[in-house]
Amino acid sequence: MRQIPILKIGELLLVSIQIDLQDQTVVALQEDLAEEIVRTGARGVIIDISAVDIVDSFIGRMFSTIAAMSRLMDAETVVVGMRPAVAITLVELGLSLDGVRTALDLEQGMRLLESSLGER
Amino acid sequence: MSGESGGTAETHMSDLLRSRRDAVLGRWVELVTEGTRGRITEREVRTELTELYDLVERALGDDDGTTGGELRAALGDISRNRARQGFSPTETAISVYALKRAVHEQLKESGDERGYAGFIEFSAYIDELGLATFEAYAAAREQVISDQAEQLLELSTPVVKLWDGILALPLVGTLDSARTQVVMETMLQTLADTGSRYAVIDITGVPAVDTEVAQHLLKTVMAARLMGAECVISGIRPQIAYTIAALGIEFGDIVTKASLADALEHALRGSGLRVVGGTDA
């Protein structure tokens, strides 16, 4: 099982998913991320899924779970770079990712987080 | 046109085609040119038919049927061209059937009673060729229609850039599921490619919306939202608003604006821009 790297940029954590997601990988990511948020005191999490072209309902739900979890630890989550096909799949699966903020690319995602962090 | 029983009759027909070549071919060209009403020149008709005539003549004397294949291919080419040039099916079939008349006239003139036995078989053969022509014609027409439908679909689903980061989809004409699907895919792809944060779906030119189409539009908006972009729907006509309300379709928190201009202003505001009146400045 391969681990997904979590990078720290200032107050933000960047998770760039470059491999096909499997259920165990996702569960491991959730645990790693929770520990990392606490350890670094991050205020925001960016999950870049521009390299992901297949999602299932489990992975779709994972985004909501991660967002809810990180909000409990005072960090905002933004999912960036979702491909049109992935978005269509999620909509067809009836998942609207409540509570997850989204942006078209990493740059816009960072801007979104920075502006919402600035408001606090 | 093979088989021993027709041997003599067949030979007779083949002989007639050879010996009276100029007369038969000339009459054939004449008959076909009459039917085309000047849309192709006699020269073109003559070139086409001379080729066909040679092939028919060879196919009659040929036992293994290789020339038959060649003949069918040539006929296929001709009828495909005719279909593209807009000739009617009758006009196309006449190009083949006129040969029967030309041969019959020559047969009558020769007064040779024995020739008729061969003519009947020859006639059946020509009928077969005529049907093959018709089939090729129909296939070509079908191809033309499906090509046009595809072009129309592309034409009718443009995604235009209204402003930096703002896309617009002016939809015109009847929306069906297939078209809405194309719209959805093109729009989401363009959003991803251009990194635009707003998309305005303008349905001013859409006369009616049914439940399925409304659901599709909703899904498009949801998918765009998942990608991090916002959709604004503008130009909902009174009848459509009535239909949507009557059908009980919930548009939820999707932004709808009366006109494309209002939607653009909303998107500009969302992008942090303000429209300032020229006279006030």
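All heavy atoms count here, side chains included; hydrogens, waters and symmetry mates do not.
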>> Is it the case that atom CG in B:Asp193 sees more than 12 heavy atoms from other parts of the structure closer than 6.0 Å?
In response: yes

> Less than 4.5 Å apart, any side-chain heavy atom of A:Ser96 and any of B:Met222?
Replying inline: yes

>> More than 12 heavy atoms of other residues, nucleotides or ligands under 6.0 Å from OH of B:Tyr242: yes or no?
In response: no

> When rounded to the nearest 0.5 angstrom, what is the spacing between CG in B:Leu188 and CE in A:Met82?
Replying inline: 11.0 Å

> Is B:Glu135 atom CD crowded by more than 12 heavy atoms from other residues, nucleotides or ligands, each under 6.0 Å away?
Replying inline: no

> Quick check: are there more than 12 heavy atoms from other residues, nucleotides or ligands sitting under 6.0 Å from CD of B:Gln85?
Replying inline: yes

> Would a 4.5 Å heavy-atom cut-off, applied to side chains only, mark B:Met227 and A:Leu104 as touching?
Replying inline: yes

> Side chain, backbone, both or neither: which part of B:Thr220 has a heavy atom under 4.5 Å from chain A?
Replying inline: neither

> In this structure, are over 12 heavy atoms from other groups packed under 6.0 Å from A:Asp23 atom CG?
Replying inline: yes

>> Please check: side-chain N/O of A:Gln108 versus main-chain N/O of B:Gly195, any donor-acceptor pairing under 3.5 Å?
In response: yes

> Quick one: does B:Arg225's side chain get under 4.5 Å of A:Leu97's, heavy atoms only?
Replying inline: no

> Side chain, backbone, both or neither: which part of B:Met187 has a heavy atom under 4.5 Å from chain A?
Replying inline: neither

> When you look at A:Ile88 and B:Lys219, which way does the side chain to side chain contact (heavy atoms under 4.5 Å, CB included) test go after all the steps?
Replying inline: CA-CA 8 Å; A:Ile88 293 172; B:Lys219 278 184 187 170; over 6 Å; no

> Where on A:Leu95 is there a heavy atom nearer than 4.5 Å to chain B: the side chain, the backbone, both, or neither?
Replying inline: backbone

> Side chain, backbone, both or neither: which part of A:Glu92 has a non-hydrogen atom closer than 4.5 Å to chain B?
Replying inline: side chain

> How close do B:Ala223 and A:Ala87 get, heavy atom to heavy atom, and via which atoms?
Replying inline: O-CB, 3.5 Å

